[in-house]
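Quick note: numbers below take in every heavy atom, side chains included, and nothing from hydrogens, waters or symmetry partners.
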Amino acid sequence: LKESIEEKNKTLDEIIPDLLGLANFTTKKPKLKYFEGKGIVSEIYKDILKYPNQEGLGWFPSDIFFVEEKYIFDYFIPRRIENNIWLRALSPDSKKMKQLNENNAEQLRRVKFLPKDKLKNKNEIFIYSSNKVGIISFVDEISIIIESKHIHEALKSIFEIIWNSN
């Protein structure tokens with residue numbers, strides 16, 4: 001009996017990796033890149049710059065959190081302009097956000113303002129490339145790049161519905 005149990009355990013040990021591999025093979029998962037602490041903004045912005053001559057879509061947070069402000073204004077925006085990357089964004093309607101968006105045309109940006117009480121968002125969300133979504137959570141001090149055609153298409157559809165309804 002003891003030998004039989006040992007033999008079955010040995011067989012299980014041999015086939016478990018194959019079964020786990022089969023489970024991973026049949027379940028396609030999106031690629032995720034996770035960042036925390038310093039650099040949460042620049043990691044996503046660096047990735048966006050890899051895709052020139054495109055349009056990105058985004059949601060701005062209800063309160064601007066100036067994390068990595070020097071990087072954004074001195075590096076990212078000029079490189080985005082050089083790379084001809086347009087941005088369409090949804091933003092809360094506030095005096096601060098309107099001031100930030102005064103040079104939209106020269107910065108290749110179009111913004112639609114939504115009622116501040118309706119857009120309760122503390123994250124910055126970007127939809128870019130043909131399959132990427134970047135999320136920056138200033139409160140949690142993390143950012144995530146999701147590489148998934150299906151997630152990209154779903155969020156792009158939601159963005160377009162909101163954009164076209166205003």
Working to the nearest 0.5 Å, report the span between NZ of Lys112 and CG of Asn101.
14.0 Å
Point-to-point distance, once rounded to the nearest 0.5 Å, from CD1 of Ile77 to CG of Leu108:
10.5 Å
Does the ring of Trp86 carry Arg109 above it, NZ/CZ under 6.0 angstrom from centre and within 45° of its axis?
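Cation-pi check for Arg109 and Trp86: fails.
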Under 6.0 Å from the ring centre and within 45 degrees of the ring axis: does the NZ or CZ of Lys98 meet both conditions for the six-membered ring of Phe113?
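Yes, cation above the ring, under 6.0 Å and within 45°.
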Where is the tightest heavy-atom contact between [X] and [Y], given as atom of each residue plus distance?
| X | Y | value |
| --- | --- | --- |
| Pro61 | Glu124 | CD-OE1, 3.9 Å |
| Asn121 | Trp59 | ND2-CB, 3.8 Å |
| Ile151 | Val133 | CG2-CG2, 4.2 Å |

Do NZ/NE/NH1/NH2 and the carboxylate oxygens of Lys33 and Glu43 come within less than 4.0 Å?
no
Is the shortest distance from a Lys or Arg side-chain nitrogen in Glu55 or Arg110 to a carboxylate oxygen in the other one below 4.0 Å?
yes
Any idea how Phe60 and Phe126 line up, ring-wise: parallel (<30°), tilted (30 to 60°), or perpendicular (>60°)?
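Phe60 vs Phe126 ring planes: perpendicular.
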Check whether [X] reaches the backbone of [Y] with its side chain - one donor and one acceptor, N or O, closer than 3.5 Å.
| X | Y | answer |
| --- | --- | --- |
| Asn83 | Arg80 | no |
| Lys31 | Ile146 | no |
| Ser143 | Ile40 | yes |

Checking Ile136, Asp140, Val139 against Lys122 for side-chain contact (heavy atoms from CB on, under 4.5 Å), the one that qualifies is Val139
Distance only, no hydrogens: is a donor on one side chain within 3.5 Å (strictly under) of an acceptor on the other, for Lys70 and Tyr75?
no
